[in-house]
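Working notes, beginning with the structure itself.
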Amino acid sequence: MDSIFHWIGVAGGFGFVAVCLLGFIRGLSLPPNSPEHRSNDKADLWRYWRP
């Protein structure tokens with residue numbers, strides 16, 4: 001009985017990794033955001049911030 005639970009866990013782990021990889025690969029093929037849906041350079045503010 002322990003071996004059944006072991007292989008269910010192994011199969012579940014491989015399934016989880018497969019779903020994550022599929023999501024990552026499908027995310028790479030998404031079209032880029034159009035300019036009206038992009039953020040207003042909020043990620044670049046750390047370069048100009050002075051304490």
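Note that the coordinates shown come from a computational prediction; the quantities given were computed from them, not determined experimentally. Only this structure's heavy atoms are used, side chains among them; waters, hydrogens and symmetry mates stay out.
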Let me confirm one number: the CD1-SG distance from Ile25 to Cys20, rounded to the nearest 0.5 Å.
11.5 Å

State which residues pass side-chain contact (heavy atoms from CB on, under 4.5 Å) with Val10; sequence neighbours excluded, sorted by chain then number.
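His6, Trp7, Phe14.
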
Residues in side-chain contact (heavy atoms from CB on, under 4.5 Å) with Leu28, at least two apart?
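By the side-chain contact (heavy atoms from CB on, under 4.5 Å) rule, Leu28 matches Phe24.
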
